[in-house]
2 protein chains.
Amino acid sequence: MIEKKSKEKYSISELAGEFNISPRSIRFYEEKNLLNPKRTKGNQRIYAKSDRARLKLIMRGKRFGYSLEEIGEMIGMTSTDFDEIGQINKSLEYGIRKLKEIREAKAELEMMEQDMLKVKDKLMIRLKEIEGANKQAGEGR
Amino acid sequence: MIEKKSKEKYSISELAGEFNISPRSIRFYEEKNLLNPKRTKGNQRIYAKSDRARLKLIMRGKRFGYSLEEIGEMIGMTSTDFDEIGQINKSLEYGIRKLKEIREAKAELEMMEQDMLKVKDKLMIRLKEIEGANKQAGEGR
DNA sequence: ATTATATATTACGTTAACGTAAAGGTTAAG
DNA sequence: CTTAACCTTTACGTTAACGTAATATATAAT
């Protein structure tokens with residue numbers, strides 16, 4: 001049997017559809033060296049699973065407010081050109097820094113969540129106040 | 001005794017320094033109606049605690065990748081012009097949506113964290129491999 | 001009062017991250 | 001083989017979020 005699993009190759013618009021972005025964006029990410037898909041003999045882009053995974057990482061970074069440059073540095077970390085110990089150590093350091101950032105961001109998100117909950121509570125209280133006042137005043141129609 | 005606590009008023013550059021942004025940015029946020037500080041009789045901006053708190057929210061939103069427009073909608077939620085129940089309900093809905101987003105973002109951050117940790121592990125393993133190889137080969141100098 | 005800073009407004013410049021349009025090749029379907 | 005639906009590159013346009021510079025007051029320090 002020949003090797004073939006589920007979905008091995010994707011076209012640019014397939015990925016665009018899946019991630020809800022434009023093909024232009026994907027090409028743009030390639031311009032910035034965040035992606036590097038193979039091509040058909042007719043020069044059209046074909047994305048492998050690994051490319052799709054990278055795009056996923058890109059989108060994740062974006063959703064979190066990272067610039068493409070930062071994302072490039074982050075996912076560059078996963079590239080497979082570690083030939084020197086120095087490189088690995090640099091990557092490790094970088095990763096550790098990013099981990100710190102991520103954890104800080106998580107903490108901030110939790111603060112935001114708390115803020116939101118507080119505002120929500122206030123709104124609820126205010127609602128009840130108004131309802132109470134209306135009840136008191138007997139404002140039917 | 002006259003009422004006066006700790007730090008009641010801030011100048012634009014004080015806030016800029018505190019949040020590590022430029023005065024220009026702060027003025028820009030004001031242009032976008034995200035801030036609305038009082039003025040001195042000489043027309044210079046004075047920021048009260050509440051203004052500082054708002055700026056804090058703005059920065060938090062930014063760090064999380066929200067656009068100023070979105071942030072405006074979010075912190076607009078905390079403004080005190082809720083005179084109608086409908087308004088309150090709308091705000092509540094909005095807040096709940098945002099809460100969902102925040103929780104999703106938290107989940108994503110956790111995924112990123114896991115990714116990072118995986119990559120880190122791989123790098124560590126690779127490092128050991130190389131070290132092991134060097135030991136084997138006895139590559140001193 | 002006189003500087004030295006800080007701030008205000010106005011207005012043009014810049015960068016990232018695409019959007020959009022033109023002009024043409026490629027692939028899948030009939 | 002001929003389209004229709006995609007895809008390619010090239011290149012100029014756009015928007016958000018400021019940067020920067022010029023010119024003019026304001027406030028703080030001496």
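Being a predicted model, the structure only gives us computed values, none of them experimental. Computation of the quantities below employed the complete heavy-atom set of this structure, encompassing side-chain atoms and omitting hydrogens, waters and symmetry-equivalent molecules. By convention in this document, chain letters (A, B, ...) are assigned in the order of the sequence lines, proteins followed by strands, and residues within each chain are numbered from 1.
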Trainee: Any pair with a residue in residues 34-44 of chain B that passes salt bridge (Lys or Arg N to Asp or Glu O under 4.0 Å), sequence neighbours left out, goes on the list, sorted by first then second residue, please.
Mentor: E30(B)-R39(B)
Trainee: Is any side-chain N of the basic residue among E18(B) and K56(B) closer than 4.0 Å to the acidic one's carboxylate O?
Mentor: no
Trainee: Applying side-chain hydrogen bond (donor to acceptor under 3.5 Å, both in side chains), can you list everything that pairs with K62(B), at least two apart in sequence or on another chain?
Mentor: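 side-chain hydrogen bond (donor to acceptor under 3.5 Å, both in side chains) list for K62(B), sorted by chain: empty.
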Trainee: Among residues two or more places apart or on two chains, list those pairs meeting ring pair (Phe, Tyr, Trp, His ring centres under 6.0 Å) that have a residue in residues 44-65 of chain A.
Mentor: F64(A)-Y66(A), F64(A)-F64(B)
Trainee: For S50(A), what residues pass the side-chain hydrogen bond (donor to acceptor under 3.5 Å, both in side chains) criterion, not counting sequence neighbours?
Mentor: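 S50(A): no side-chain hydrogen bond (donor to acceptor under 3.5 Å, both in side chains) contacts found.
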Trainee: Who passes side-chain hydrogen bond (donor to acceptor under 3.5 Å, both in side chains) against D115(A), sequence neighbours left out?
Mentor: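 In terms of side-chain hydrogen bond (donor to acceptor under 3.5 Å, both in side chains), with neighbours along the sequence ignored, D115(A) is linked to R60(B).
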Trainee: Base, sugar-phosphate or nothing for R45(B)? Non-hydrogen atoms, less than 4.0 Å.
Mentor: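 If one applies the 4.0 Å heavy-atom cut-off, R45(B) turns out to touch the sugar-phosphate alone, with no base involved.
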Trainee: Count the heavy atoms of every other residue, nucleotide or ligand shown that sit under 6.0 Å from NZ of K106(A), and state whether that count exceeds 12.
Mentor: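 Enclosed.
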Trainee: Pair R27(A), I12(A) - check side chain to side chain contact (heavy atoms under 4.5 Å, CB included), show working.
Mentor: CA-CA 8 Å; R27(A) 291 193 194 101; I12(A) 193 166; 3.5 Å; yes
Trainee: Can you give the first and last nucleotides of DNA chain C, 5' to 3', that have an atom under 4.0 Å from a heavy atom of chain A?
Mentor: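 Span of nucleotides near chain A: dA17(C) to dT27(C).
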Trainee: My understanding is that only residues two or more places apart in sequence, or in another chain, count here; which of them pass side-chain hydrogen bond (donor to acceptor under 3.5 Å, both in side chains) with E69(A)?
Mentor: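 For E69(A), no residue satisfies side-chain hydrogen bond (donor to acceptor under 3.5 Å, both in side chains) once neighbours in sequence are set aside.
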Trainee: Got a salt bridge between K118(A) and E113(A), using NZ or NE/NH1/NH2 to carboxylate O under 4.0 Å?
Mentor: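 Looking at E113(A) together with K118(A), the answer is no, because their closest N to O distance does not fall below 4.0 Å.
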Trainee: Tell me which residues in residues 28-37 of chain A put a heavy atom below 4.0 Å from DNA chain C, sorted by number, or none.
Mentor: F28(A), Y29(A)
Trainee: So E110(A) and R103(B), salt bridge (charged side-chain N to carboxylate O under 4.0 Å, His left out) or not? Walk me through it.
Mentor: CA-CA 9 Å; E110(A) 260 144 41; R103(B) 281 167 182 161; over 6 Å; no
Trainee: Would you please name every residue forming a ring-ring contact (aromatic ring centres under 6.0 Å, His included) with Y29(A), sequence neighbours left out?
Mentor: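 Testing Y29(A) for ring-ring contact (aromatic ring centres under 6.0 Å, His included), a comparison that skips the adjacent residues, returns none.
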Trainee: Go along nucleotides 22-30 of chain D 5' to 3' and tag each nucleotide: B for a protein heavy atom under 4.0 Å from its base, S when only backbone or sugar atoms are that close, - otherwise.
Mentor: ----SS---
Trainee: Compute the angle between the rotation axes at the two ends of the helix from dA1(C)-dT30(D) to dG30(C)-dC1(D), each taken over five pairs, rounded to 10 degrees.
Mentor: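 Answer for the end axes of this duplex: 20°.
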Trainee: Quick one, which residues of residues 11-22 of chain B touch DNA chain C with a heavy atom under 4.0 Å?
Mentor: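 Under 4.0 Å from DNA chain C: S11(B), I12(B), S13(B).
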Trainee: Expressed as a whole number of angstroms, how long is the span from I26(A):CD1 to dC7(D):C1'?
Mentor: 13 Å
Trainee: Same cluster for I75(B) and M111(A) if Ile/Leu/Val/Met/Phe/Trp/Tyr side chains link at under 4.5 Å?
Mentor: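 Shared cluster, no.
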Trainee: Are more than 12 heavy atoms from other residues, nucleotides or ligands located less than 6.0 Å from atom CG of N20(A)?
Mentor: no
Trainee: Look at the side chain of R27(A) against the base of dT9(D) and say whether a donor-acceptor pair falls under 3.5 Å; ignore hydrogens and angles.
Mentor: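 Checked by distance alone, the answer is no.
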Trainee: Does the distance from a Lys or Arg side-chain N to an Asp or Glu carboxylate O, for K49(B) and E8(B), drop under 4.0 Å?
Mentor: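 Answer for the salt bridge query: no.
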